[in-house]
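Everything below concerns the one structure shown next.
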2 protein chains.
Amino acid sequence: MARSTITQWHMFKAVVDFGGFNQAAERIHKSPSSVHNAVQKLEQQLGVDLFKMQGRKLVLTASGAHLLRRINYLLHEVERMEHVASNMQVGIESSLRIAVDEAFPKEPLYQALSNVSEEFPLIRVEVLETILSGADELLEQGKADVSLSPFTLSENLSEDICTVKFVLVAGAGHHLSKAKLPLTLEDLKAHRQIVLRDSALNKQTNYGWLGADQRWTVSHIASSIELIRRGLGYAWLPQHAVAPFLEDGSLKALNLSRGAVRSTNFYLNFTDGELLGPVTRSFLGQIRYLTLN
Amino acid sequence: MARSTITQWHMFKAVVDFGGFNQAAERIHKSPSSVHNAVQKLEQQLGVDLFKMQGRKLVLTASGAHLLRRINYLLHEVERMEHVASNMQVGIESSLRIAVDEAFPKEPLYQALSNVSEEFPLIRVEVLETILSGADELLEQGKADVSLSPFTLSENLSEDICTVKFVLVAGAGHHLSKAKLPLTLEDLKAHRQIVLRDSALNKQTNYGWLGADQRWTVSHIASSIELIRRGLGYAWLPQHAVAPFLEDGSLKALNLSRGAVRSTNFYLNFTDGELLGPVTRSFLGQIRYLTLN
DNA sequence: TTATTCATTCTATTTTTTAGAATGAAACAT
DNA sequence: ATGTTTCATTCTAAAAAATAGAATGAATAA
């Protein structure tokens, strides 16, 4: 079966990285003979000449160069495995609860969660989808570790995380979509607006900046899109949520005379940083990084 | 850095595979204490409990189960690396020369070559594209190790490899494409046929089953398609080569009264099997397998 | 030339791995 | 119940492997 050892790989790599047996030996705090022995044994176990001498200079053979690539990869994988193992022992958090506003873009969130559970494979992830102040409510009630919401918190730590563009949309067959001229607020007031209900139990703010005479209130972005695609009204919705429908033509972005696009800042909220476990810290790092651009 | 060893992984895996320390010890021809020691050391080096006892039954912990997956993967990768290494030493062929008829489907060929060079990473691959007897000529002249051609060989070994369908095609704007009724051979004779020139220097067979009065002869399928798309004639061409153009409508399959589709068998030809090196053997295995369906 | 910097080998020492015997606990058979 | 078997587990001594240190010789640099 497997004849080579990880230590041999390390030494082989070291010889290449530091340009010689003696240099490698010094850098990895081993004797030259140890390094030489290990590499020599690796060579005979693999049945491959890894190095050849050109004068006094050590040069990788073609085989050696190729095996080095594979071995580097293996070493990297081993390191990952052991790192994961080191984060698996009892004592660390076993769950990560995230309250996230529905208007927050899902891609970076899911990517971040995927990366975190790569690092902490035994973690249980809970994603609590909320609207408006619902995310922060859950955080304050201790039902979530982190919230991604459009509001900052007074009690806890908040930081800017990203900006979400809201566009005014209506169904392709809607009267507003057929208007030639830019729309005014008055035009909008004459039609039904679909509004998102705040999911917090305490407060009652609603998404929707216009005081339309008729309004329907729904609990989910998906429901809002459903209604609008059926031509039952218009709404402000996150661009990323309606992009595919704008693409296939079932929704139209309305041409407002002033401010057809609005932006909302989203914030990353969490309780005291000192008390955070490694899982939450890792998640924070990931989501910060992934929402950078 | 890396603290665990491959031997430890093997023993860990063995304990799981064979359901206990003692059984594992017996199966891998080690003493129970060796196995136990190795796994115990692995546990403390990773800082993870791999097993727990339920009565006298050994059960993987959740961490153990996850690490086993990663370790299995690692063991598999190590094996691959060592297998590749074992095929890399001097003495084995360093090149693989394949003469292949242009009408032969490229996908399985390229896939087979990709798999072979995965196994023998230092190999130099030469693909010699030929028409008709050209492939076998190269094989007989010793300029190729394997040929994929529409002919069998008398001197060397041949085996069926796959069947290629030829369809009669013309450009979308061509007279023949516009015919309502099925075409007859007489209809075809009235138009220009594009024929493929045999790439062998000795022989002079040409692809094209019909004795058209006018004929143009070209050296490559790509040229033939070019001409036909421009409406300059018709030709018998491999279905897989013209499929994309039939799809986009720039070529039309002609509706012949009898035999609008013809099939040609392709053969895998090579010299004496005893003398084949491991690289050629591997390629033969791959191409056989990939053309099975 | 001389000195230096290497790879490489040899030998002794230290460390690690292994086997064998022994112990105790749980499951099974009678 | 009772004895037997099948385990994991530990201990100790032997075997094997890794390591260091000194030494050699070859190639380069001063």
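Below, all heavy atoms of this structure are taken into account, side chains as well, without hydrogens, waters or symmetry copies. A, B, ... follow the sequence lines: proteins, then strands. Residue 1 opens every chain.
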[X] [atom1] - [N] [atom2] separation (whole Å):
X	N	atom1	atom2	result
K52(B)	dT9(D)	NZ	P	14 Å
L60(A)	dA7(C)	CG	C1'	15 Å
M53(A)	dC6(C)	CE	P	11 Å
F18(A)	dC6(C)	CZ	P	14 Å
M11(A)	dA7(C)	CE	P	14 Å

Ignoring hydrogens and geometry, is there a side-chain-to-backbone donor-acceptor pair from [X] to [Y] under 3.5 Å?
X	Y	answer
N269(B)	F151(B)	yes
E159(A)	L268(A)	no
E43(A)	L50(A)	yes
T61(A)	F51(A)	no

Sequence neighbours excluded, which residues qualify as side-chain contact (heavy atoms from CB on, under 4.5 Å) partners of [X]?
X	result
S219(A)	R197(A)
K41(B)	Q8(B), Q45(B)
E118(A)	R80(A), R70(B)

| request: Report the nucleotide, chosen from dT9(D), dC11(D), dT19(D), that has the shortest atom-to-atom distance to any side-chain atom of K30(A). | output: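 Selected nucleotide: dT19(D).
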| To the side chain of L58(B), which of dA8(D), dT19(D), dA7(C) is closest? |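 Closest nucleotide among those given: dA8(D).
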| said: Whether H36(A) contacts dA7(C) is assessed here as follows: a side-chain N or O lying under 4.0 Å from the phosphate OP1 or OP2. Is that the case? | reply: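 H36(A) to dA7(C) OP1/OP2: no side-chain N or O under 4.0 Å.
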| Are S34(B) and dA19(C) close enough that a side-chain N or O sits under 4.0 Å from OP1 or OP2? |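 So the side-chain polar atoms of S34(B) do come within 4.0 Å of the phosphate oxygens OP1 or OP2 of dA19(C), strictly under.
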| Pick the nucleotide of DNA chain D nearest each of G19(B) and H29(A); which residue has the one closer to the 5' end? |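 On the 5' side of the pair lies G19(B).
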| Within 6.0 angstrom of E26(A) CD, more than 12 heavy atoms from elsewhere |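 No, CD of E26(A) has 12 or fewer neighbouring heavy atoms, counting only those of other groups under 6.0 Å.
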| Any idea how F266(B) and F104(B) line up, ring-wise: parallel (<30°), tilted (30 to 60°), or perpendicular (>60°)? |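 Judged by the thresholds at 30° and 60°, the geometry between F266(B) and F104(B) is perpendicular.
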| request: Kindly indicate whether the side chain of W9(B), heavy atoms from C-beta on, has any atom under 4.5 Å from the side chain of V78(A). | output: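 SC-SC contact between W9(B) and V78(A) confirmed.
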| query | Taking side chain as C-beta onward, heavy atoms only, is V279(B) less than 4.5 Å from F283(B)? | reply |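 Side-chain contact under 4.5 Å: no.
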| query | Quick one, which residues of residues 21-28 of chain B touch DNA chain C with a heavy atom under 4.0 Å? | reply |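 Per residue number, the list is empty: none.
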| query | Could you run down nucleotides 24-29 of chain D 5' to 3' and tag each one B, S or - for protein heavy-atom contact under 4.0 Å? | reply | ---BS-
| Residue-level proximity of residues 37-46 of chain A to DNA chain D when a heavy atom falls under 4.0 Å |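 The answer is N37(A), K41(A).
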